[in-house]
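Quantities reported herein were computed from a predicted structural model and do not represent experimental measurements. Lettering follows sequence order; numbering is per chain, from 1.
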Number of protein chains: 2
Amino acid sequence: MEDFYQKCAEHGLKITPQRRIIYEELMRAKDHPTADAIYKRVRRKLPNISFDTVYRTLHLFSEIGIAKLVEGYGEDRRFEPNLDQHHHFRCLKCHAIYDFHCDSYDELPLPEVVRKYGLVVGKRVVLEGICLKCRK
Amino acid sequence: MEDFYQKCAEHGLKITPQRRIIYEELMRAKDHPTADAIYKRVRRKLPNISFDTVYRTLHLFSEIGIAKLVEGYGEDRRFEPNLDQHHHFRCLKCHAIYDFHCDSYDELPLPEVVRKYGLVVGKRVVLEGICLKCRK
DNA sequence: TACTATATAGTAATCATTCCTATTTGTCAA
DNA sequence: TTGACAAATAGGAATGATTACTATATAGTA
Ligand SMILES: [Mn+2]
Ligand SMILES: [Mn+2]
Ligand SMILES: [Zn+2]
Ligand SMILES: [Zn+2]
(Lines give C-alpha, C1' and ligand atoms only; values in the text may rest on other atoms or scores of the structure.)
(Ligands and ions follow the chains in the order given, each with its own letter.)
Protein backbone atom coordinates (compact mmCIF):
# COMPACT_ATOMS: atom_id res chain seq x y z
CA MET A 1 0.00 0.00 0.00
CA GLU A 2 3.01 2.27 0.54
CA ASP A 3 4.04 1.76 -3.08
CA PHE A 4 0.56 2.74 -4.16
CA TYR A 5 0.50 6.10 -2.37
CA GLN A 6 4.05 6.89 -3.30
CA LYS A 7 3.79 6.09 -6.98
CA CYS A 8 0.49 7.93 -7.29
CA ALA A 9 2.05 11.02 -5.72
CA GLU A 10 5.10 10.67 -7.92
CA HIS A 11 2.93 10.68 -11.03
CA GLY A 12 0.43 13.30 -9.88
CA LEU A 13 -2.42 10.81 -9.74
CA LYS A 14 -5.42 11.29 -7.49
CA ILE A 15 -6.21 8.76 -4.82
CA THR A 16 -9.73 7.50 -5.45
CA PRO A 17 -11.65 4.71 -3.69
CA GLN A 18 -11.77 2.90 -7.02
CA ARG A 19 -8.00 2.93 -7.41
CA ARG A 20 -7.39 1.95 -3.81
CA ILE A 21 -9.71 -1.03 -3.95
CA ILE A 22 -8.51 -2.20 -7.37
CA TYR A 23 -4.97 -2.08 -6.03
CA GLU A 24 -5.91 -4.09 -2.94
CA GLU A 25 -7.64 -6.74 -5.03
CA LEU A 26 -4.77 -7.07 -7.46
CA MET A 27 -2.22 -7.42 -4.66
CA ARG A 28 -4.32 -10.12 -3.06
CA ALA A 29 -4.58 -12.06 -6.34
CA LYS A 30 -2.51 -15.20 -6.79
CA ASP A 31 -3.87 -16.13 -10.21
CA HIS A 32 -2.59 -13.49 -12.64
CA PRO A 33 -6.15 -12.30 -13.18
CA THR A 34 -7.74 -10.69 -16.21
CA ALA A 35 -9.33 -7.23 -16.01
CA ASP A 36 -12.71 -8.92 -15.95
CA ALA A 37 -11.74 -11.14 -13.01
CA ILE A 38 -10.62 -8.10 -11.00
CA TYR A 39 -13.80 -6.28 -12.02
CA LYS A 40 -15.96 -9.06 -10.57
CA ARG A 41 -14.02 -9.04 -7.28
CA VAL A 42 -14.02 -5.27 -6.94
CA ARG A 43 -17.77 -5.06 -7.54
CA ARG A 44 -18.37 -6.78 -4.21
CA LYS A 45 -17.06 -3.64 -2.56
CA LEU A 46 -18.02 -1.08 -5.19
CA PRO A 47 -21.15 -2.39 -6.94
CA ASN A 48 -21.38 0.60 -9.30
CA ILE A 49 -17.82 0.61 -10.57
CA SER A 50 -17.56 0.44 -14.35
CA PHE A 51 -15.54 -2.12 -16.20
CA ASP A 52 -13.71 0.62 -18.04
CA THR A 53 -12.43 2.09 -14.79
CA VAL A 54 -11.04 -1.27 -13.73
CA TYR A 55 -9.51 -1.84 -17.12
CA ARG A 56 -7.92 1.60 -17.38
CA THR A 57 -6.71 1.51 -13.81
CA LEU A 58 -4.95 -1.82 -14.18
CA HIS A 59 -3.13 -0.52 -17.23
CA LEU A 60 -2.31 2.66 -15.36
CA PHE A 61 -0.81 0.57 -12.55
CA SER A 62 1.40 -1.25 -15.01
CA GLU A 63 2.52 2.08 -16.50
CA ILE A 64 3.58 3.54 -13.18
CA GLY A 65 5.25 0.32 -12.10
CA ILE A 66 3.06 -1.02 -9.31
CA ALA A 67 1.80 -3.93 -11.43
CA LYS A 68 2.87 -5.71 -14.59
CA LEU A 69 1.22 -7.21 -17.63
CA VAL A 70 1.95 -10.89 -18.07
CA GLU A 71 4.09 -10.94 -21.19
CA GLY A 72 2.50 -11.78 -24.52
CA TYR A 73 -1.05 -12.05 -23.28
CA GLY A 74 -3.59 -9.76 -24.86
CA GLU A 75 -1.82 -9.47 -28.16
CA ASP A 76 -3.03 -11.05 -31.38
CA ARG A 77 -2.47 -14.75 -31.82
CA ARG A 78 0.76 -15.49 -33.69
CA PHE A 79 1.94 -18.60 -35.49
CA GLU A 80 5.27 -20.34 -35.42
CA PRO A 81 6.68 -22.34 -38.33
CA ASN A 82 9.82 -23.30 -36.41
CA LEU A 83 9.24 -26.62 -34.66
CA ASP A 84 12.78 -27.00 -33.34
CA GLN A 85 13.54 -26.31 -29.70
CA HIS A 86 14.39 -22.63 -29.57
CA HIS A 87 13.94 -19.45 -27.57
CA HIS A 88 12.63 -15.96 -28.23
CA PHE A 89 13.80 -12.40 -28.05
CA ARG A 90 10.76 -10.09 -27.92
CA CYS A 91 10.91 -6.37 -28.67
CA LEU A 92 8.82 -4.48 -26.13
CA LYS A 93 8.27 -1.61 -28.55
CA CYS A 94 7.41 -3.10 -31.96
CA HIS A 95 6.52 -6.60 -30.73
CA ALA A 96 8.90 -8.30 -33.12
CA ILE A 97 9.86 -11.82 -32.09
CA TYR A 98 13.25 -13.25 -33.03
CA ASP A 99 14.29 -16.87 -32.66
CA PHE A 100 17.56 -17.97 -31.20
CA HIS A 101 19.15 -21.25 -30.23
CA CYS A 102 21.12 -21.87 -27.08
CA ASP A 103 22.17 -25.32 -25.92
CA SER A 104 22.69 -24.26 -22.32
CA TYR A 105 19.13 -22.94 -22.18
CA ASP A 106 17.81 -26.20 -23.63
CA GLU A 107 19.46 -28.15 -20.85
CA LEU A 108 18.33 -26.11 -17.84
CA PRO A 109 17.55 -28.37 -14.90
CA LEU A 110 14.02 -28.16 -13.51
CA PRO A 111 13.91 -26.75 -9.99
CA GLU A 112 12.35 -29.05 -7.39
CA VAL A 113 9.72 -26.46 -6.54
CA VAL A 114 7.80 -26.86 -9.81
CA ARG A 115 7.06 -30.50 -8.99
CA LYS A 116 4.22 -29.36 -6.80
CA TYR A 117 2.57 -27.54 -9.72
CA GLY A 118 2.43 -30.33 -12.26
CA LEU A 119 4.18 -32.16 -15.06
CA VAL A 120 6.48 -30.05 -17.22
CA VAL A 121 6.44 -30.81 -20.95
CA GLY A 122 8.09 -27.69 -22.35
CA LYS A 123 10.70 -25.19 -21.34
CA ARG A 124 11.48 -21.85 -22.92
CA VAL A 125 13.50 -18.76 -22.16
CA VAL A 126 12.01 -15.42 -23.13
CA LEU A 127 14.28 -12.41 -23.40
CA GLU A 128 12.63 -9.03 -23.58
CA GLY A 129 14.20 -5.84 -24.71
CA ILE A 130 14.38 -3.22 -27.42
CA CYS A 131 15.35 -4.35 -30.91
CA LEU A 132 17.98 -2.59 -32.98
CA LYS A 133 15.44 -0.90 -35.27
CA CYS A 134 13.54 0.51 -32.31
CA ARG A 135 16.74 1.92 -30.77
CA LYS A 136 16.89 4.02 -33.95
CA MET B 1 6.50 -29.89 -47.61
CA GLU B 2 7.01 -33.58 -46.80
CA ASP B 3 5.67 -33.00 -43.31
CA PHE B 4 2.61 -31.34 -44.79
CA TYR B 5 1.61 -34.23 -47.02
CA GLN B 6 2.43 -36.82 -44.41
CA LYS B 7 0.55 -35.19 -41.55
CA CYS B 8 -2.46 -34.48 -43.72
CA ALA B 9 -2.58 -38.12 -44.79
CA GLU B 10 -2.12 -39.23 -41.19
CA HIS B 11 -5.13 -37.18 -40.14
CA GLY B 12 -7.31 -37.88 -43.17
CA LEU B 13 -7.18 -34.28 -44.36
CA LYS B 14 -7.64 -33.31 -47.97
CA ILE B 15 -4.89 -31.53 -49.83
CA THR B 16 -6.35 -28.29 -51.14
CA PRO B 17 -4.60 -25.43 -52.93
CA GLN B 18 -5.56 -23.20 -50.00
CA ARG B 19 -3.87 -25.46 -47.46
CA ARG B 20 -0.80 -25.94 -49.60
CA ILE B 21 -0.28 -22.23 -50.14
CA ILE B 22 -1.01 -21.30 -46.51
CA TYR B 23 1.56 -23.89 -45.47
CA GLU B 24 4.15 -22.52 -47.89
CA GLU B 25 3.61 -18.98 -46.68
CA LEU B 26 3.86 -19.92 -43.04
CA MET B 27 7.07 -21.89 -43.57
CA ARG B 28 8.58 -18.94 -45.39
CA ALA B 29 7.67 -16.55 -42.56
CA LYS B 30 10.38 -15.35 -40.22
CA ASP B 31 8.20 -13.01 -38.18
CA HIS B 32 5.81 -15.22 -36.21
CA PRO B 33 2.91 -13.80 -38.21
CA THR B 34 -0.71 -13.33 -37.22
CA ALA B 35 -3.53 -15.00 -39.16
CA ASP B 36 -4.21 -11.66 -40.80
CA ALA B 37 -0.60 -11.28 -41.92
CA ILE B 38 -0.67 -14.72 -43.56
CA TYR B 39 -4.05 -13.88 -45.11
CA LYS B 40 -2.58 -10.81 -46.82
CA ARG B 41 0.37 -12.79 -48.18
CA VAL B 42 -1.74 -15.71 -49.38
CA ARG B 43 -4.15 -13.44 -51.21
CA ARG B 44 -1.42 -12.55 -53.68
CA LYS B 45 -1.67 -16.11 -54.96
CA LEU B 46 -5.32 -16.83 -54.13
CA PRO B 47 -7.17 -13.52 -54.33
CA ASN B 48 -10.52 -15.03 -53.39
CA ILE B 49 -9.46 -16.96 -50.32
CA SER B 50 -11.49 -16.09 -47.23
CA PHE B 51 -9.97 -14.97 -43.98
CA ASP B 52 -11.79 -17.73 -42.17
CA THR B 53 -10.09 -20.39 -44.25
CA VAL B 54 -6.68 -18.97 -43.42
CA TYR B 55 -7.56 -18.67 -39.76
CA ARG B 56 -9.01 -22.18 -39.45
CA THR B 57 -6.20 -23.70 -41.44
CA LEU B 58 -3.47 -22.18 -39.28
CA HIS B 59 -5.15 -23.56 -36.18
CA LEU B 60 -5.55 -26.90 -37.92
CA PHE B 61 -1.83 -26.92 -38.66
CA SER B 62 -1.04 -26.33 -35.01
CA GLU B 63 -3.37 -29.17 -34.02
CA ILE B 64 -1.73 -31.71 -36.32
CA GLY B 65 1.75 -30.56 -35.34
CA ILE B 66 3.11 -28.86 -38.46
CA ALA B 67 2.97 -25.42 -36.86
CA LYS B 68 2.73 -23.97 -33.39
CA LEU B 69 0.98 -21.12 -31.67
CA VAL B 70 3.32 -18.69 -29.97
CA GLU B 71 2.56 -19.25 -26.31
CA GLY B 72 0.36 -16.77 -24.47
CA TYR B 73 -0.55 -14.71 -27.47
CA GLY B 74 -4.23 -14.50 -28.31
CA GLU B 75 -5.39 -15.07 -24.78
CA ASP B 76 -6.94 -12.38 -22.60
CA ARG B 77 -4.62 -9.86 -21.06
CA ARG B 78 -3.56 -10.83 -17.52
CA PHE B 79 -2.09 -8.76 -14.72
CA GLU B 80 0.75 -9.49 -12.37
CA PRO B 81 0.98 -8.14 -8.82
CA ASN B 82 4.34 -9.79 -8.21
CA LEU B 83 7.12 -7.37 -9.13
CA ASP B 84 9.99 -9.56 -7.93
CA GLN B 85 12.11 -11.39 -10.44
CA HIS B 86 10.38 -14.73 -10.91
CA HIS B 87 9.40 -17.34 -13.46
CA HIS B 88 6.19 -19.01 -14.54
CA PHE B 89 4.73 -22.48 -14.81
CA ARG B 90 1.80 -22.39 -17.23
CA CYS B 91 -0.84 -25.11 -17.45
CA LEU B 92 -1.60 -25.88 -21.09
CA LYS B 93 -5.07 -27.17 -20.22
CA CYS B 94 -6.61 -24.68 -17.78
CA HIS B 95 -4.23 -21.77 -18.44
CA ALA B 96 -3.36 -21.36 -14.78
CA ILE B 97 -0.09 -19.53 -14.18
CA TYR B 98 2.01 -20.29 -11.10
CA ASP B 99 4.99 -18.28 -9.92
CA PHE B 100 8.25 -19.80 -8.85
CA HIS B 101 11.68 -18.50 -7.88
CA CYS B 102 14.96 -19.98 -9.01
CA ASP B 103 18.31 -18.30 -8.49
CA SER B 104 20.05 -20.26 -11.21
CA TYR B 105 17.43 -19.11 -13.73
CA ASP B 106 17.87 -15.50 -12.64
CA GLU B 107 21.57 -15.68 -13.37
CA LEU B 108 21.47 -17.24 -16.83
CA PRO B 109 24.16 -15.74 -19.06
CA LEU B 110 22.95 -14.08 -22.24
CA PRO B 111 24.12 -15.89 -25.35
CA GLU B 112 26.22 -13.80 -27.74
CA VAL B 113 23.74 -14.35 -30.55
CA VAL B 114 21.06 -12.10 -29.07
CA ARG B 115 23.37 -9.10 -29.25
CA LYS B 116 22.45 -8.72 -32.89
CA TYR B 117 18.75 -8.42 -32.03
CA GLY B 118 18.88 -5.63 -29.49
CA LEU B 119 19.24 -4.66 -25.85
CA VAL B 120 17.90 -7.18 -23.35
CA VAL B 121 16.14 -5.70 -20.32
CA GLY B 122 14.28 -8.74 -18.99
CA LYS B 123 14.76 -12.47 -18.83
CA ARG B 124 12.27 -15.12 -17.91
CA VAL B 125 11.90 -18.86 -18.05
CA VAL B 126 8.52 -20.26 -18.95
CA LEU B 127 7.74 -23.86 -18.11
CA GLU B 128 4.69 -25.37 -19.72
CA GLY B 129 2.90 -28.48 -18.66
CA ILE B 130 -0.20 -29.92 -17.08
CA CYS B 131 -1.06 -28.82 -13.56
CA LEU B 132 -1.96 -31.25 -10.80
CA LYS B 133 -5.68 -30.43 -10.95
CA CYS B 134 -5.80 -31.06 -14.70
CA ARG B 135 -4.07 -34.42 -14.34
CA LYS B 136 -7.14 -35.31 -12.25
C1' DT C 1 -17.06 -40.05 -64.59
C1' DA C 2 -20.16 -39.75 -60.58
C1' DC C 3 -20.60 -39.80 -55.66
C1' DT C 4 -19.93 -38.11 -51.06
C1' DA C 5 -17.71 -36.40 -47.17
C1' DT C 6 -14.84 -32.32 -46.57
C1' DA C 7 -13.50 -27.86 -47.25
C1' DT C 8 -14.29 -23.15 -48.67
C1' DA C 9 -16.27 -18.32 -49.33
C1' DG C 10 -18.86 -15.02 -47.60
C1' DT C 11 -21.02 -13.31 -43.93
C1' DA C 12 -22.75 -12.88 -39.26
C1' DA C 13 -22.13 -13.29 -34.23
C1' DT C 14 -19.29 -12.89 -30.23
C1' DC C 15 -16.39 -10.89 -27.03
C1' DA C 16 -12.25 -8.46 -25.19
C1' DT C 17 -10.53 -4.12 -25.69
C1' DT C 18 -10.67 0.69 -26.49
C1' DC C 19 -12.99 5.08 -27.03
C1' DC C 20 -16.39 8.76 -25.92
C1' DT C 21 -18.75 12.16 -23.08
C1' DA C 22 -21.65 14.00 -19.50
C1' DT C 23 -21.23 13.99 -14.67
C1' DT C 24 -18.77 13.51 -10.38
C1' DT C 25 -14.90 14.02 -7.34
C1' DG C 26 -10.14 14.76 -5.28
C1' DT C 27 -6.94 18.32 -4.60
C1' DC C 28 -5.39 22.67 -3.62
C1' DA C 29 -5.42 27.55 -2.97
C1' DA C 30 -8.01 31.21 -1.00
C1' DT D 1 -13.93 25.38 5.20
C1' DT D 2 -15.15 26.46 0.72
C1' DG D 3 -14.97 27.01 -4.30
C1' DA D 4 -12.71 26.24 -8.63
C1' DC D 5 -11.05 23.16 -11.80
C1' DA D 6 -8.39 19.51 -13.65
C1' DA D 7 -8.71 14.73 -13.35
C1' DA D 8 -11.41 10.64 -12.90
C1' DT D 9 -15.56 7.88 -13.33
C1' DA D 10 -19.96 5.56 -15.12
C1' DG D 11 -22.32 4.07 -18.75
C1' DG D 12 -22.56 3.03 -23.12
C1' DA D 13 -20.89 2.76 -27.92
C1' DA D 14 -17.23 1.60 -31.34
C1' DT D 15 -13.58 -1.32 -32.78
C1' DG D 16 -11.32 -5.26 -34.21
C1' DA D 17 -9.79 -10.06 -33.56
C1' DT D 18 -11.76 -14.37 -33.23
C1' DT D 19 -15.22 -17.78 -33.86
C1' DA D 20 -19.54 -19.65 -35.82
C1' DC D 21 -22.75 -20.51 -39.62
C1' DT D 22 -24.33 -22.26 -44.11
C1' DA D 23 -24.88 -22.73 -49.00
C1' DT D 24 -21.77 -23.97 -52.58
C1' DA D 25 -17.62 -26.08 -54.40
C1' DT D 26 -14.15 -29.62 -54.47
C1' DA D 27 -10.73 -33.56 -53.34
C1' DG D 28 -10.54 -38.16 -53.13
C1' DT D 29 -12.30 -42.50 -54.44
C1' DA D 30 -14.52 -46.24 -57.06
MN1 LIG E 1 9.98 -18.89 -32.76
MN1 LIG F 1 3.89 -14.11 -11.94
ZN1 LIG G 1 11.42 -3.27 -32.01
ZN1 LIG H 1 -4.45 -26.97 -15.27
Side-chain angles (χ1 to χ4, degrees), chain A residues 4-25 31-64 66-67 69-79 95, chain B residues 4-25 31-64 66-67 69-79 95:
Chain A
F4 172 68
Y5 287 107
Q6 183 185 335
K7 289 284 180 145
C8 283
E10 236 172 67
H11 290 82
L13 299 173
K14 295 178 177 173
I15 306 298
T16 65
Q18 290 91 338
R19 285 177 178 166
R20 211 169 26 228
I21 289 175
I22 291 167
Y23 183 77
E24 285 168 5
E25 277 304 335
D31 58 343
H32 303 80
T34 61
D36 191 61
I38 291 290
Y39 173 58
K40 288 187 171 69
R41 293 169 207 178
V42 162
R43 267 210 299 194
R44 295 194 292 246
K45 289 181 179 164
L46 295 174
N48 288 326
I49 197 169
S50 73
F51 174 78
D52 187 52
T53 295
V54 175
Y55 184 89
R56 272 185 301 95
T57 301
L58 288 168
H59 282 266
L60 185 67
F61 287 170
S62 68
E63 277 164 24
I64 67 176
I66 54 179
L69 282 159
V70 179
E71 66 286 350
Y73 289 81
E75 295 168 45
D76 296 352
R77 200 152 275 160
R78 295 172 71 156
F79 293 88
H95 303 120
Chain B
F4 172 68
Y5 287 107
Q6 182 185 337
K7 290 283 180 149
C8 283
E10 237 172 68
H11 290 81
L13 300 173
K14 293 178 178 172
I15 307 297
T16 64
Q18 290 91 338
R19 284 177 178 166
R20 209 168 29 227
I21 289 174
I22 291 167
Y23 183 78
E24 285 169 5
E25 277 304 334
D31 58 345
H32 303 80
T34 62
D36 191 61
I38 291 290
Y39 174 57
K40 287 185 172 71
R41 293 169 206 177
V42 162
R43 267 210 301 192
R44 295 194 293 246
K45 289 183 179 162
L46 295 173
N48 287 327
I49 196 169
S50 73
F51 174 77
D52 187 52
T53 295
V54 174
Y55 184 89
R56 272 185 300 95
T57 301
L58 288 169
H59 282 267
L60 185 67
F61 286 171
S62 69
E63 277 164 25
I64 66 175
I66 54 178
L69 283 159
V70 179
E71 65 286 351
Y73 288 80
E75 294 168 44
D76 297 352
R77 200 154 273 158
R78 295 173 73 157
F79 293 88
H95 302 121

Kindly indicate whether the side chain of Glu63(B), heavy atoms from C-beta on, has any atom under 4.5 Å from the side chain of His11(B).
no
Given dT18(D), dA10(D), dA16(C), which nucleotide is nearest the side-chain atoms of Thr53(A)?
dA10(D)
Side-chain contact check for Thr16(B): nearest option of dA27(D), dA9(C), dG26(C) is dA27(D)
Closest approach to the side chain of Asp52(A), judged atom by atom: which nucleotide of dG12(D), dT8(C), dA9(C) is it?
dG12(D)
Value in whole Å for how far the C1' atom of dG11(D) lies from CZ of Arg43(A)
13 Å
Tell me the interatomic distance from Asn48(B), atom CG, to dT24(D), atom P, rounded to whole angstroms.
17 Å
Base, sugar-phosphate or nothing for Pro17(B)? Non-hydrogen atoms, less than 4.0 Å.
sugar-phosphate
Is it true that a side-chain atom of Arg78(A) and a backbone atom of His32(B) form a donor plus acceptor pair closer than 3.5 Å?
yes
Roughly, in whole Å, what's the span from CD1 in Ile38(B) to P in dA17(D)?
15 Å
Grab the CG-C1' distance between Leu58(A) and dT9(D) for me, whole Å please.
15 Å
Is it the case that the side chains of Tyr23(B) and Arg19(B) hold a donor-acceptor pair, with the cut-off being a distance below 3.5 Å and no angle test?
no
May I ask you to evaluate whether Arg19(A) reaches the phosphate of dA8(D), defined as a side-chain N or O under 4.0 Å from OP1 or OP2?
yes
Between dG11(D) (P) and Leu46(A) (CG): distance, integer Å:
12 Å
Locate the shortest heavy-atom distance separating Arg20(A) from Tyr5(A); write the atom from each residue and the value.
CD-OH, 3.2 Å
At under 4.0 Å between heavy atoms, what does Asp36(A) touch on the DNA or RNA strands: base, sugar-phosphate, or nothing?
nothing
Go through dA17(D), dA9(C), dT8(C) for me and flag the one nearest to the Ile49(B) side chain.
dA9(C)
OP1 or OP2 of dA7(C) less than 4.0 angstrom from a side-chain nitrogen or oxygen of Arg56(B), does that happen here?
no
Report the C-alpha separation of Asp36(B) and Asp76(A) in whole Å, then their side-chain angles, then the decisive distance to 0.1 Å, and conclude whether the side chain to side chain contact (heavy atoms under 4.5 Å, CB included) test is met.
CA-CA 10 Å; Asp36(B) 191 61; Asp76(A) 296 352; over 6 Å; no
Select from His59(B) and Ser50(A) the residue whose nearest nucleotide in DNA chain D is closer to the 5' end of that strand.
Ser50(A)
In whole angstrom, give the distance that lies between atom CZ of Phe51(A) and atom P of dG11(D).
15 Å
First of Lys14(A) and Asp76(A) reached from the 5' end of DNA chain D, by closest nucleotide:
Lys14(A)
Please report the distance, rounded to the nearest Å, between NE2 in His11(B) and C1' in dA7(C).
17 Å
Phosphate OP1/OP2 of dG26(C) contacted by Gln18(A) side-chain N/O (<4.0 Å)
no
Atom-pair distance (OH on Tyr39(B); P on dG10(C)), nearest Å
8 Å
